[in-house]
Amino acid sequence: MWESIREQLATEPGPLAPRTAAPARPRWRGLVAAAVAGILIGGASVAVITGQDTPEQVVASAALSPLPEGPDRGGSQAEATLNRADDGYTVTVTATNLAGPEGFYEVWLLSPDDSGLIALGSLGPGETEATFPVPPGVDLQTFTAVDVSDEPLDGDPGHSTVSVLRGTLTT
């Protein structure tokens with residue numbers, strides 16, 4: 001048995017040659033390379049997280065005005081924009097000179113024939129501009145109008161039927 005082991009060892013490669021030291025490089029080159037890599041990776045991460053790769057594009061807009069049968073709450077300079085970004089659509093509502101609501105202002109997408117509506121979110125007290133994400137899967141060919149309603153603080157998530165401003169999105 002020992003003879004088999006000796007034969008096998010004789011056919012195995014010998015020990016490796018001693019390693020020679022690599023030529024010395026200035027340490028600052030490695031530090032600079034690491035710093036540059038960190039800056040590039042950090043900047044790319046921030047751009048992805050904050051969505052700075054592709055800015056939102058306005059794809060449609062609407063002048064929002066009071067409804068003839070609705071309450072006059074002002075808002076003579078009001079508009080809505082439909083915006084497209086890499087991660088979906090948003091609606092931005094801007095309404096200046098809008099009087100305080102009796103409850104709170106809710107922003108809706110609705111079909112022009114009032115057959116369906118989607119709540120997007122509320123305008124905070126004194127807020128003149130807000131942007132709301134459009135839920136994925138919403139058919140923007142059907143829901144082409146923007147409505148701002150005065151909603152009472154009653155816990156009912158449905159539309160109060162008190163529309164303050166409305167307009168149809170057009171390209």
Side-chain angles (χ1 to χ4, degrees), residues 32-171:
V32 169
V36 168
I39 290 169
L40 292 174
I41 291 169
S45 298
V46 168
V48 167
I49 290 170
T50 61
Q52 291 178 353
D53 285 347
T54 306
E56 286 190 339
Q57 291 181 313
V58 174
V59 293
S61 62
L64 302 177
S65 49
L67 277 70
E69 67 276 4
D72 184 8
R73 302 285 168 77
S76 57
Q77 297 175 0
E79 74 169 343
T81 58
L82 177 64
N83 316 294
R84 182 180 61 223
D86 289 340
D87 59 348
Y89 289 90
T90 61
V91 171
T92 300
V93 173
T94 305
T96 57
N97 303 323
L98 192 59
E102 290 181 13
F104 64 96
Y105 288 125
E106 183 81 10
V107 177
W108 307 81
L109 275 178
L110 65 130
S111 59
D113 62 0
D114 291 333
S115 63
L117 59 132
I118 298 168
L120 295 179
S122 16
L123 286 171
E127 196 172 26
T128 59
E129 182 175 301
T131 299
F132 309 98
V134 175
V138 170
D139 181 1
L140 294 170
Q141 300 298 316
T142 300
F143 294 94
T144 59
V146 175
D147 180 270
V148 178
S149 65
D150 188 346
E151 297 293 325
L153 298 170
D154 61 2
D156 181 355
H159 195 289
S160 66
T161 70
V162 181
S163 291
V164 177
L165 299 169
R166 188 176 289 177
T168 301
L169 293 164
T170 57
T171 54

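Just so it is clear, the structure is predicted and the values come from calculations on it, not from any experiment.
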With ring-ring contact (aromatic ring centres under 6.0 Å, His included) as the rule and sequence neighbours excluded, what pairs involving residues 148-169 come up?
Trp108-His159
Pairing residues for Phe143 by the side-chain contact (heavy atoms from CB on, under 4.5 Å) criterion, not counting sequence neighbours:
Leu109, Ile118, Val138
For Thr168, all residues meeting side chain to side chain donor-acceptor pair (under 3.5 Å), sequence neighbours excluded:
none
Here the gap from Leu153 atom CG to Asp156 atom CG, rounded to the nearest 0.5 Å, amounts to 12.0 Å
What are the two closest non-hydrogen atoms of Val93 and Val146, and how far apart are they?
CG2-CG1, 4.2 Å
Can you tell me how far apart CD (Glu106) and CG (Leu123) are? Round to the nearest 0.5 Å.
9.0 Å
Taking side chain to side chain donor-acceptor pair (under 3.5 Å) as the definition, give me every residue that meets it alongside Thr144, ordered by chain and number, with sequence neighbours left out.
none
Roughly how far, to the nearest 0.5 Å, is the CG atom of Leu169 from the CG atom of Leu140?
8.5 Å
Could you walk me through whether Leu165 and Leu98 satisfy the side chain to side chain contact (heavy atoms under 4.5 Å, CB included) test, starting with their C-alpha distance in whole Å, then the side-chain angles of each, then the deciding distance to 0.1 Å, before giving a yes or no?
CA-CA 10 Å; Leu165 299 169; Leu98 192 59; 4.1 Å; yes
With Ser160, which residues qualify under side chain to side chain donor-acceptor pair (under 3.5 Å), at least two apart?
Glu151
I need the full list of ring-ring contact (aromatic ring centres under 6.0 Å, His included) pairs touching residues 116-139, with sequence neighbours left out, sorted by first then second residue.
none
Is there a side chain to side chain contact (heavy atoms under 4.5 Å, CB included) between Asp147 and Leu117? Walk through the geometry before answering.
CA-CA 9 Å; Asp147 180 270; Leu117 59 132; over 6 Å; no
How close do Pro112 and Thr142 get, counting heavy atoms only, and between which atoms?
CD-O, 3.4 Å
Mind checking what makes side-chain contact (heavy atoms from CB on, under 4.5 Å) contact with Pro133, not counting sequence neighbours?
none
Side chain to side chain donor-acceptor pair (under 3.5 Å) partners for Asp154, two or more places apart
none
Evaluate the side chain to side chain contact (heavy atoms under 4.5 Å, CB included) criterion for residues Leu82 and Val134: first the C-alpha distance (whole Å), next the side-chain angles of each, then the deciding distance (0.1 Å), finally the verdict.
CA-CA 9 Å; Leu82 177 64; Val134 175; 4.3 Å; yes
Nearest atoms (heavy-atom pairs only) where Glu129 meets Thr94:
OE1-OG1, 3.1 Å
Could you pull out all residues at least two apart from Ser115 that satisfy side-chain contact (heavy atoms from CB on, under 4.5 Å)?
Ser111, Asp113
Separation of Thr161 OG1 from Asp150 CG (nearest 0.5 Å):
10.5 Å
Mind checking what makes side-chain contact (heavy atoms from CB on, under 4.5 Å) contact with Ser61, not counting sequence neighbours?
Thr81
Which side-chain hydrogen bond (donor to acceptor under 3.5 Å, both in side chains) pairs, counting each pair once, include a residue from residues 116-128, with sequence neighbours left out?
none
